[in-house]
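Predicted model only: the values in this text are computed from it and were never measured. What you see below is based on every heavy atom in this structure, not just the backbone, and it leaves out hydrogens, waters and symmetry mates. Just so we're on the same page: letters track the sequence lines, and every chain starts at 1.
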Amino acid sequence: MLTQSDAVAIATKLKAEMKPGRKHDLAVFRHEGKYIAQFGIQRASKDKSHDYIPRQLFMTAKQGREFRQCSLTLEAYIEILRGKSPSPLSSG
Amino acid sequence: MNTSGNTNTILTNAALPESKMDERLGLFTRGIDTSVQRGEPVFCYGISQRMCVVVESLSPTQEVIYCEISSFSPEPYALKSPIKIKIVGNDSEYIASYHESNIHASGDTPYEAIENLKSLLLDTFDSLTSEPRENLGIKAKNQRALLESIIERQ
């Protein structure tokens with residue numbers, strides 16, 4: 001399970017911009033200045049599941065765990081996004 | 001399920017044993033509406049004035065619930081039309097998803113997961129609409145277009 005602390009670690013690794021929201025902090029991932037994706041990190045005290053984060057970052061659950069565990073680098077993740085069709089990195 | 005005569009719509013109850021339906025609706029409705037009867041629409045106070053819930057599929061450890069959100073009250077935002085969301089979880093944890101926009105939130109109960117999803121939908125709407133369109137990647141742009149098609153500020 002990806003926990004709140006995992007979510008914070010993923011946001012940090014993505015160098016995400018943190019925006020305070022109503023019940024969540026919104027982590028906004030940008031690439032070359034472009035807004036690519038975002039996910040919510042709950043501010044509740046209990047360590048809740050954030051297993052949905054990989055989906056919001058266009059990753060598989062496995063890639064999400066690897067990204068958290070550092071076996072998937074930010075550069076490799078960006079390459080994964082680049083390889084998708086359409087790529088979330090494109091402007092459309 | 002035939003719900004004629006009701007103002008709400010049950011989305012599905014595919015292949016549910018009746019006893020499980022009772023049990024699972026009871027599980028879902030604890031803390032929301034304890035007066036629910038099997039097969040009847042579920043009114044979820046504090047979520048919206050009308051919300052319908054039914055379990056679609058079951059396993060010993062997981063349940064899937066579909067429901068409808070029709071309001072963001074008391075937030076000053078309106079839904080142009082109700083949206084259907086999916087909740088997947090077990091006794092201790094639920095994830096509510098609005099799949100069309102790829103937005104998900106969790107909670108200890110279905111009620112909490114729905115409330116967290118509603119809050120996150122608005123946070124995401126605010127974030128995406130505060131960004132110049134030309135700064136959005138294609139997926140973010142599509143997400144914004146979808147949210148703008150269902151949500152409006154009041």
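Both B:L79 and B:I87 belong to a common hydrophobic cluster when Ile, Leu, Val, Met, Phe, Trp and Tyr are linked at side-chain heavy-atom distances under 4.5 angstrom. If you chain together hydrophobic residues whose side chains sit under 4.5 Å apart, A:Y77 and A:I36 fall into the same group. With hydrophobic clusters built from ILVMFWY side chains whose heavy atoms lie under 4.5 angstrom apart, A:F58 does not share a cluster with B:L146. Two different hydrophobic clusters hold A:I53 and B:I103 under the rule that ILVMFWY side chains link at heavy-atom gaps under 4.5 Å. Residues B:I114 and B:I151 fall within the same hydrophobic cluster, defined by Ile, Leu, Val, Met, Phe, Trp and Tyr side chains chained together at heavy-atom separations under 4.5 Å.
Rounding to the nearest 0.5 Å places CD of A:Q42 at 6.5 Å from CD of B:E112. In this structure, the separation between OG on B:S97 and CD on A:Q56 is 8.5 Å, given to the nearest 0.5 Å. A distance of 11.0 Å separates CD1 in B:I138 from CG in A:L89, rounded to the nearest 0.5 Å. Atoms CD and CZ, on B:E75 and A:R22 in that order, are 4.5 Å from each other to the nearest 0.5 Å. Taking CD of A:E17 as the reference point, atom OG of B:S127 lies at 7.0 Å (rounded to 0.5 Å). Atom OH of A:Y52 sits about 6.5 Å away from atom CG of B:L120, to the nearest 0.5 Å.
Taking a 6.0 Å sphere around NZ of B:K80, one finds it holds more than 12 heavy atoms contributed by other residues, nucleotides or ligands.
Heavy atoms closer than 4.5 Å to chain A are found in the side chain of B:S130, but not in its backbone. Looking at A:K19, the atoms closer than 4.5 Å to chain B (heavy atoms on both sides) all sit in the side chain, from C-beta outward. For a residue to count as touching a neighbouring chain, one of its non-hydrogen atoms must lie under 4.5 Å from one of that chain's; by this rule B:D126 touches chain A with the side chain only. For B:I95, the part sitting under 4.5 Å from any heavy atom of chain A is the side chain, from C-beta outward, and nothing else.
Across all non-hydrogen atoms, the minimal contact from A:H24 to B:N116 is CE1-O, 3.3 Å.
The shortest side-chain heavy-atom distance between A:R30 and B:E131 falls under the 4.5 Å cut-off. Looking at B:H99 and A:R55, their side chains come closer than 4.5 Å, going by heavy atoms from C-beta outward.
With respect to the salt-bridge test (charged N to carboxylate O, under 4.0 angstrom), the residues B:D123 and A:K23 do not qualify.
The residue among B:P132, B:S106, B:G107 with the most heavy atom pairs within less than 4.5 Å of chain A is B:S106.
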